[in-house]
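Here is how names work: the chains are called A, B, and so on, in the same order as the sequence lines, proteins then strands, and each is numbered from 1.
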2 protein chains.
Amino acid sequence: MNSSSEYLIKKLSQKSLRFSFQRMKILEYLYQHESSHPDAEEIYESLSNIIPGLSKTTIYNTLHSFVNAGLVQAVDIENSETRYELSASRHGHFICKQCGVIHDFDIDIDMIVVKELAQFQVEEKDVYFRGLCPNCIRIQNETTNTIKNKKKEAQDES
Amino acid sequence: MNSSSEYLIKKLSQKSLRFSFQRMKILEYLYQHESSHPDAEEIYESLSNIIPGLSKTTIYNTLHSFVNAGLVQAVDIENSETRYELSASRHGHFICKQCGVIHDFDIDIDMIVVKELAQFQVEEKDVYFRGLCPNCIRIQNETTNTIKNKKKEAQDES
DNA sequence: TTCTAAAGTTGTAATGATTACAATTTATCC
DNA sequence: GGATAAATTGTAATCATTACAACTTTAGAA
């Protein structure tokens, strides 16, 4: 057992969770794919190659355990699959409506204090933005220009 | 056809949508249940009594049309069903993890400008808070006190 | 080290919101 | 009134997630 496993064992036991190879690999996967915000399916597909006989139920169980323990955060910006990321400093999430890419952005969410909610116990704050990412804006503009040019050509010909 | 239907016809035609009894009733339902943020199922159950033979597909189709037209907003604070509300001034949504009630709160979302997203085209901004509502906090405290009292009684008896 | 109970894993079946689709009906425009 | 595109309906399919029961592994006690 290597040192990173020992570190994880400590980390997990602090949260009353037991160590397992599956859990180690799932957490490792999230660590190595921080920016892509993988969903359960993606994690399952990738780890199936490393862990023969891995069950998708394990992926779901583990992710839930991690979320409950505060190790991992669920990103529910899509109404289809839940995506996951390691718990880190709070930030906002932008999702591109076109290509689906999720982009993290810094935002001081703790700064957002709502007087109206004084009597409420606010435990989680999520800021979700939706729109077009720079890449998709560029593609859209190129397409629009092509159409305009085609129209112009047609007019010139007539 | 009464005046409110005429108003709706105008409103719908502005969005290139046709009038129908179903659409009128769905919009009416959302209007009369603004604070409860109903989901498709709830709308369907309620309107089935008024519109015999109503199809759930119609509820989904209509809600999608309304959202596309900007008449209605989807609230995806729960990872299960999507809930709906009439488009109004932007506000935040708080959901109670215990009882599921959704509470709207005023927040100047337009104020939230993220320099990092200058190259992005931000079309929608959602602020979702999660935690406990005042009512559930009260219930929780009462339960806790009851347990404490029971423990104390047990100690006193021994 | 061995034993044991609790926790984790697995596979399959079920759930439940949402969508696809084709037939029928309806609204709008001429 | 008739034509046409749009809306409605009902049924079947989809797909992420959960329920559950049998089996395996972990962690701590003996």
Side-chain angles (χ1 to χ4, degrees), chain A residues 1 5-6 8-27 29 37-45 47-48 50-69 71-72 74-84 100, chain B residues 1 5-27 29 37-45 47-69 71-72 74-84 100:
Chain A
M1 204 171 280
S5 325
E6 281 173 22
L8 180 57
I9 293 170
K10 196 179 290 179
K11 193 99 181 172
L12 289 173
S13 90
Q14 284 170 2
K15 308 284 184 176
S16 310
L17 289 176
R18 287 186 179 175
F19 172 87
S20 79
F21 186 66
Q22 290 87 334
R23 289 184 169 182
M24 183 177 77
K25 285 299 171 188
I26 291 170
L27 209 54
Y29 188 89
H37 305 83
D39 62 0
E41 180 66 28
E42 179 184 329
I43 299 170
Y44 172 70
E45 293 293 344
L47 294 186
S48 288
I50 304 168
I51 312 171
L54 175 67
S55 168
K56 204 182 276 185
T57 303
T58 300
I59 305 291
Y60 280 107
N61 287 342
T62 302
L63 288 170
H64 289 164
S65 299
F66 285 176
V67 168
N68 286 335
L71 282 174
V72 165
V75 181
D76 272 316
I77 198 169
E78 283 187 292
N79 39 13
S80 44
E81 349 76 53
T82 297
R83 301 171 68 162
Y84 296 89
Chain B
M1 205 170 278
S5 323
E6 281 173 23
Y7 170 77
L8 180 57
I9 293 170
K10 196 178 291 178
K11 194 97 180 173
L12 288 173
S13 90
Q14 283 170 2
K15 308 285 185 177
S16 311
L17 289 175
R18 287 187 179 173
F19 171 88
S20 78
F21 186 67
Q22 290 88 334
R23 288 183 168 181
M24 183 178 77
K25 285 299 173 188
I26 291 170
L27 209 53
Y29 189 90
H37 305 82
D39 63 0
E41 179 66 27
E42 179 185 329
I43 299 169
Y44 172 70
E45 294 293 346
L47 294 186
S48 289
N49 301 319
I50 304 168
I51 311 170
L54 175 67
S55 168
K56 203 181 276 183
T57 304
T58 300
I59 305 291
Y60 280 107
N61 288 342
T62 302
L63 288 170
H64 289 164
S65 300
F66 285 175
V67 168
N68 286 336
L71 281 174
V72 165
V75 181
D76 272 316
I77 198 169
E78 284 187 292
N79 38 15
S80 44
E81 349 77 52
T82 297
R83 300 171 69 162
Y84 297 88

Are side-chain heavy atoms of [X] and [Y] found at a separation under 4.5 Å?
{"X": "A:Lys15", "Y": "A:Phe66", "value": "no"}
{"X": "B:Leu27", "Y": "B:Thr62", "value": "no"}
{"X": "B:Ile26", "Y": "B:Ile59", "value": "yes"}
{"X": "A:Tyr29", "Y": "A:Lys25", "value": "no"}
{"X": "A:Leu63", "Y": "A:Ile43", "value": "yes"}

Which of these nucleotides, [options], is closest to any side-chain atom of [X]?
{"X": "A:His64", "options": "D:dT18, D:dA16, C:dT18", "value": "D:dT18"}
{"X": "A:Thr58", "options": "D:dT9, C:dT10, D:dA16", "value": "C:dT10"}
{"X": "B:Thr82", "options": "C:dT18, C:dT10, D:dA27", "value": "C:dT18"}

Does a side-chain N or O of B:Arg23 approach OP1 or OP2 of D:dA7 to a distance below 4.0 Å, or not? yes

N/O (side chain, A:Tyr60) to phosphate O (OP1/OP2, D:dT18) under 4.0 Å: no

Give the rounded distance in Å between these two atoms: [atom1] of [X] and [atom2] of [N].
{"X": "B:Leu54", "N": "C:dT25", "atom1": "CG", "atom2": "C1'", "value": "15 Å"}
{"X": "A:Lys25", "N": "C:dT9", "atom1": "NZ", "atom2": "C1'", "value": "17 Å"}
{"X": "A:Glu41", "N": "D:dT14", "atom1": "CD", "atom2": "C1'", "value": "13 Å"}
{"X": "B:Phe21", "N": "D:dT9", "atom1": "CZ", "atom2": "P", "value": "11 Å"}
{"X": "B:Leu17", "N": "C:dT28", "atom1": "CG", "atom2": "C1'", "value": "13 Å"}
{"X": "A:Ile43", "N": "D:dA16", "atom1": "CD1", "atom2": "C1'", "value": "14 Å"}
{"X": "A:Ile59", "N": "D:dT17", "atom1": "CD1", "atom2": "P", "value": "12 Å"}
{"X": "B:Ile9", "N": "D:dA7", "atom1": "CD1", "atom2": "P", "value": "14 Å"}

Give one of base, sugar-phosphate or nothing for [X], where a contact means two heavy atoms less than 4.0 Å apart.
{"X": "A:Asn61", "answer": "base"}
{"X": "B:Thr62", "answer": "sugar-phosphate"}
{"X": "A:Gln22", "answer": "sugar-phosphate"}

Closest to the 5' end of DNA chain D, once B:Thr57 and B:Arg18 are matched to their nearest nucleotides, is B:Arg18

Toward the 5' end of DNA chain C, which comes first, B:Ala40 or A:Ser65, by nearest nucleotide? A:Ser65

